[in-house]
Protein chains: 2
Amino acid sequence: MDYKIKSRIWVEHKDGMFLGEGRIQLLKAIKSEGSLSKAAASLSMSYKKAWNLMDSMNKSAKEPLVVASTGGKGGGGAAITAYGEKMITAFENINKSCWEFLDSEFKKLEL
Amino acid sequence: MDYKIKSRIWVEHKDGMFLGEGRIQLLKAIKSEGSLSKAAASLSMSYKKAWNLMDSMNKSAKEPLVVASTGGKGGGGAAITAYGEKMITAFENINKSCWEFLDSEFKKLEL
DNA sequence: ACTCGTTATTTCTTTGTAAATATAACGATA
DNA sequence: TATCGTTATATTTACAAAGAAATAACGAGT
C-alpha cells in the first residue's frame, strides 16, 4: 500500500476562520522574529497577507494573540501574548494527535 | 466556548491526490444517478470538473473506481465498481471517527 | 525638528483556477 | 444510416484570490 492519509484541522467561530495551520506558523514566526514584517519575510509571505491574518485572529479572539507597537525605538515590533502561546501549543498538540490517530486507523484498513 | 474544530482528510499517492471529500461525494452521486453528467448536475458541478475528478481517481488507483460506457442504449452511463464501493465506506468511516476524535479532544481543552 | 524601521492601509496589477461554450466520438436501437 | 443521450476533449471567458507597489502614520532617540 503506497497511499498516505493526510489531514488539515482548523478552528472556526461564528462567521469564519479563527485558527489554522498557516496562522499558527505565522504566530510562531512572529515569536521568533519579534516583528510582523520579518515574520512575513521568513515565511515568504507578503506583509499584507501576514497583517490580514494577524488582524483576523485578533479580531475574532476573546483576547488578542499578538500585540504590535508602531514607532519608537527600532520602529516598533510585534509579540505573542500569553493567550497566543497557549493557542499555539493547544493547536499543535491536537494536530499531532490527530495525525497519529489517522495513521493508526488507516493502517487497519489494508486497502 | 463558541469555537468549533473542523477537519478535512484526504488520501494521497506518489504524486498527488487520490481521494478526498469532493471525490467521495462524486462517487456517491454517480452511484445514485447512474450517469456522470447527471451526477455533476446534482452536485452543481460542471461536467468537466466531474470528469477530471473521475479520470484522476481511476488513473491513480490500482483498479478503477468508476466504469463509464459511451454510446448505446440511453447514450451510455457510469457506474461504481466494487472497489469503488469499498473506498466510499472506508473513507466515510475513517472521516467520521476523525470528527469524533477531534471533538472529544477539543472539548478537553477549555479554551 | 529629524531620522529610523516598523506598523497600517489603499490601490493597482497579475495570475491561477473555475466556469462556460462548443464540438467530436460513441454505439445500441429502429 | 439517422437518432439519441451520453462520454470525451479543447478552447475561450470570467472571476476571485494573491501579490506588488506606493504611501501614510507612528513614536523613542538624537
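Every chain is numbered from 1, with letters handed out A, B, ... down the list of sequences.
Cluster annotation: B:Ile5 and B:Trp99 are assigned to distinct hydrophobic clusters (Ile/Leu/Val/Met/Phe/Trp/Tyr, side-chain heavy-atom contacts under 4.5 Å, transitive).
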A:Met45/A:Gln25 under side chain to side chain contact (heavy atoms under 4.5 Å, CB included): CA gap, chis, key distance, verdict = CA-CA 11 Å; A:Met45 175 189 295; A:Gln25 240 192 327; over 6 Å; no
Distances for protein N or O near nucleotides 7-11 of chain D N or O, under 3.5 Å:
unit_1: D:dT7; atom_1: OP1; unit_2: B:Leu36; atom_2: N; d: 2.4
unit_1: D:dT7; atom_1: OP2; unit_2: B:Ser37; atom_2: N; d: 2.9
unit_1: D:dT7; atom_1: OP2; unit_2: B:Ser37; atom_2: OG; d: 3.1
unit_1: D:dA8; atom_1: OP2; unit_2: B:Trp51; atom_2: NE1; d: 2.8
unit_1: D:dA8; atom_1: O5'; unit_2: B:Trp51; atom_2: NE1; d: 3.4
unit_1: D:dA8; atom_1: N7; unit_2: B:Tyr47; atom_2: OH; d: 3.4
unit_1: D:dT11; atom_1: O4; unit_2: B:Lys48; atom_2: NZ; d: 3.3

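Here the CZ atom belonging to B:Arg8 is positioned 6.0 Å from the CH2 atom belonging to A:Trp10, to the nearest 0.5 angstrom.
Annotation: side-chain hydrogen bond (donor to acceptor under 3.5 Å, both in side chains) contacts of A:Glu105 (sequence neighbours excluded): A:Lys108. B:Ser69 is linked by a side-chain hydrogen bond (donor to acceptor under 3.5 Å, both in side chains) to nothing, counting only residues two or more places apart in sequence or in another chain.
The two residues A:Leu26 and A:Ala39 have their closest heavy-atom pair at CD1-CB, 4.2 Å. Listed here is the closest heavy atom pair of B:Leu19 and B:Phe91: O-CE1, 4.1 Å. A pairwise comparison of heavy atoms in A:Ser56 and A:Arg23 identifies OG-NH1, 3.0 Å as the closest pair.
Rounded to 10 degrees, the angle between the two end axes of the helix from C:dA1-D:dT30 to C:dA30-D:dT1 is 10°, with five pairs used at each end.
Extent of DNA chain C lying under 4.0 Å from chain A heavy atoms, first and last nucleotide in 5' to 3' order, is C:dG5 to C:dT11.
Under the side chain to side chain contact (heavy atoms under 4.5 Å, CB included) rule, B:Asn52 has a single partner from B:Lys49, B:Met54, B:Lys48, which is B:Lys48.
Residue pairs satisfying the side chain to side chain donor-acceptor pair (under 3.5 Å) criterion with at least one member in residues 27-45 of chain B, sequence neighbours excluded, are listed as follows: B:Lys28-B:Glu92, B:Lys31-B:Glu85, B:Ser35-B:Ser37.
The residue among A:Lys49 and A:Lys73 whose nearest nucleotide of DNA chain D lies closer to the 5′ end is A:Lys49.
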